[in-house]
Amino acid sequence: MLEFLQDKLSNALSSLRGKGVLTEADVEAALRELRVALLEADVALPAIKQLLGNVKAKAIGDATLKGINPGQQVVKIVYDELVALLGEETPLELRSPQPAVLLLCGLQGGGKTTSAGKLAKWLQEKQSKRVLLASLDVYRPAAIEQLQQLAERVGCGVLNHASTNPLTRAKAALQEAKGYDVLILDTAGRTVLDDALMTELQAIHKLAKPTATLLVADAQTGQAAVPVAEAFKAAVPLTGLILTRLDGDARGGAVLSLRHITGVPIHFVGVGEKLDQLEPFRPAGVAGRILGQGDVVALVEKVQAATNQDEAAALEKKFLSGAGLNFNDLKKQLQMLNRLGGFASMLDLMPGMGAMKTQLQEKLADGQAEKTLKRQLALIDSMTPQERKNPTLLNGKRRLRIAKGAGREVSELNKLVKQLDQLNQMAKMMKGAGGLAGMAKLLGGQRR
Ligand SMILES: Nc1nc2c(ncn2[C@@H]2O[C@H](COP(=O)(O)OP(=O)(O)OP(=O)(O)O)[C@@H](O)[C@H]2O)c(=O)[nH]1
Ligand SMILES: [Mg+2]
């Protein structure tokens, strides 16, 4: 589902994600591409404006995190804004005097009746609710039978009443629903311009006093769904949305537009004709799917959570100055790596690291890297403050004591000392060569 949006947005951002240095012009260009992509996906203009306005402000205003490049950071900003546009995850609220009444409304063929059946199944299976389905559609031939058949397949209750007056049927349904947890009212399809049917919907609403009034909208209609939703919202107090046909070749515009424009949450999405093809709407998951850059988003989140950016900046500055790092510095670096879960999980997340990972797999297997990290930290902890500050103090005797204190072999400590030496040699070399970019790369963070 949503492949169209995914293709477009991925393309728009692909030029950014590898960029180590990002100018304002790069951001502008990416935003232009995003705008075209969103328009092509049939997202409504107000929603596009909101999204891009926020992305721009943040992309230009945010300081770059160490450990990721600016392009990756912009991808994360777009992701966050997509999530914001899609709204909070809002489960359908059923708390009410029994039974909770769900009123489904929407355009002809939008998927109301199918969704009523799917919802009944979902409520019954996932929430152990006793559900009664009632069709108030007395206009379309066989509409009542359609719901009856669905109820049989789900194994839930269904209104059995001969009246052909929607309000009489609604009354009967409310009566019959007394032994149930949830009553789902399926209404007749309508075209927005049909005043008579809108008036009828209002009368049903007044009578049934529903716990939730849900608009069932076809995602394939793109931003045409927007005025429809507005018209329904003007007629009855909508509380939520069910978006259907997200499985088809829907360009996805409705998904991004409707929440923003109606101000009511999307509770469920229909992803197929089958009865179990209804999913609770998860904004974060959908944003990830639309963007198709889950790896980058996860990486940025991990780095944000694990690294102390001030500490990282100070370390980098010291490294670049050629002042020489000591064991305190190394410890900080190792701790950051440790918090990131070591190299193994970092490699999983780094774009383009797949090949390297296979090579390193043996080394990294069984959390070996994490274990090594912890041992190295133990060795550093076993040093005196003077030793940590001044690595040249580490003669044979001291090394023996430190290794013993940490319960490790001297050879492991020797390796660690060598590692620090190499780091410092590299700093000197780089300083001489003036290879700032290469050096920054070694630290894992690229600079503007
Ligand atoms: N692919 C797909 N088809 C769906 C989905 N939801 C509904 N449909 C199909 O859409 C068609 C119309 O669905 P209905 O549930 O009858 O629509 P309705 O809103 O009740 O229509 P009216 O009662 O005529 O207003 C049916 O063929 C359904 O199988 C969905 O999520 N995905
Ligand atoms: Mg129907």
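Keep in mind that this is a model prediction, so the values were computed, not measured. Worth knowing before you read on, the calculation uses all heavy atoms, side chains too, and leaves out hydrogens, waters and symmetry mates.
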For the pair L103 and H205, evaluate side-chain contact (heavy atoms from CB on, under 4.5 Å) and give the outcome as yes or no after the intermediate values.
CA-CA 8 Å; L103 176 61; H205 184 275; 4.0 Å; yes

Show the numbers, then the answer: is there a side chain to side chain donor-acceptor pair (under 3.5 Å) between Q50 and E81?
CA-CA 9 Å; Q50 149 121 357; E81 289 307 315; 5.5 Å; no

Show your working on side-chain contact (heavy atoms from CB on, under 4.5 Å) between L393 and N395 and close with a plain yes or no.
CA-CA 6 Å; L393 286 177; N395 57 22; over 6 Å; no

Could you walk me through whether D381 and K331 satisfy the salt bridge (charged side-chain N to carboxylate O under 4.0 Å, His left out) test, starting with their C-alpha distance in whole Å, then the side-chain angles of each, then the deciding distance to 0.1 Å, before giving a yes or no?
CA-CA 9 Å; D381 283 339; K331 183 177 172 181; 2.8 Å; yes

For V417 and L413, run side-chain contact (heavy atoms from CB on, under 4.5 Å): C-alpha distance rounded to whole Å, both residues' side-chain angles, the deciding distance at 0.1 Å, then the answer.
CA-CA 6 Å; V417 176; L413 177 59; 4.3 Å; yes

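I261 and P46 get closest at one heavy-atom pair: CD1-CG, 4.4 Å. Closest of all the heavy-atom pairs between L275 and G117 is CD2-C, 3.7 Å. Here the closest heavy-atom approach between residue V255 and residue L86 is recorded as O-CD2, 3.5 Å. Considering all non-hydrogen atoms of both residues, S257 and A44 come closest at OG-N, 2.8 Å. Closest approach of A287 and L82 over heavy atoms only: CB-CB, 3.8 Å.
Taking the charged nitrogens against the carboxylate oxygens, D137 and K112 have no contact shorter than 4.0 Å, which rules out a salt bridge.
Under the rule for a side chain to side chain donor-acceptor pair (under 3.5 Å), R153 has no partner lying at least two apart in sequence or in another chain. Under the salt bridge (charged side-chain N to carboxylate O under 4.0 Å, His left out) criterion, R35 pairs with no residue at all, not counting sequence neighbours. With sequence neighbours excluded, the residues forming a side chain to side chain donor-acceptor pair (under 3.5 Å) with Q146 are R140, listed by chain and number. With sequence neighbours excluded, the residues satisfying side-chain contact (heavy atoms from CB on, under 4.5 Å) with E125 are K121. Not counting sequence neighbours, the partners of Q124 by the side-chain contact (heavy atoms from CB on, under 4.5 Å) test are V154, C156. Scored by the salt bridge (charged side-chain N to carboxylate O under 4.0 Å, His left out) test, K129 finds no partners at all (sequence neighbours excluded). Qualifying salt bridge (charged side-chain N to carboxylate O under 4.0 Å, His left out) partners for D218, counting only residues two or more places apart in sequence or in other chains: R245. Partners of D194 under the salt bridge (charged side-chain N to carboxylate O under 4.0 Å, His left out) rule, at least two apart in sequence or in another chain, do not exist in this structure. In this view, S115 satisfies the side chain to side chain donor-acceptor pair (under 3.5 Å) rule with no residue, not counting sequence neighbours. Partners of D42 under the side-chain contact (heavy atoms from CB on, under 4.5 Å) rule, at least two apart in sequence or in another chain, are Q223, R251. With sequence neighbours left out, T392 forms a side chain to side chain donor-acceptor pair (under 3.5 Å) with N390.
A 4.5 Å side-chain heavy-atom check between L241 and L258 finds at least one atom pair inside the cut-off. Side chains of I242 and I266 form no contact here, defined as non-hydrogen atoms less than 4.5 Å apart.
The environment of E409 atom CD is sparse: at most 12 non-hydrogen atoms of other residues, nucleotides or ligands sit within 6.0 angstrom.
Put simply, CZ on F268 and CG on L278 are 5.5 Å apart, with the number rounded to the nearest 0.5 Å. Atom CG in N326 sits 10.0 Å away from atom CZ in R388 (nearest 0.5 Å). Expressed to the nearest 0.5 Å, how far CG of L34 lies from NZ of K56 amounts to 13.0 Å. Of the inter-residue distances, the one linking N424 atom CG with L330 atom CG reads 9.5 Å to the nearest 0.5 angstrom. Note that the CD atom of E33 and the CG atom of L31 stand 10.0 Å from one another [nearest 0.5 Å]. With rounding to the nearest 0.5 angstrom, the CG atom of L420 is 5.0 Å from the CZ atom of F327.
Within the structure, the side chain to side chain donor-acceptor pair (under 3.5 Å) test picks out the following pairs touching residues 398-408 (sequence neighbours left out): E387-R398, E387-R401, R399-N414, R408-E412.
Here the side chain of K233 pairs a donor or acceptor atom with the backbone of T262 at under 3.5 angstrom.
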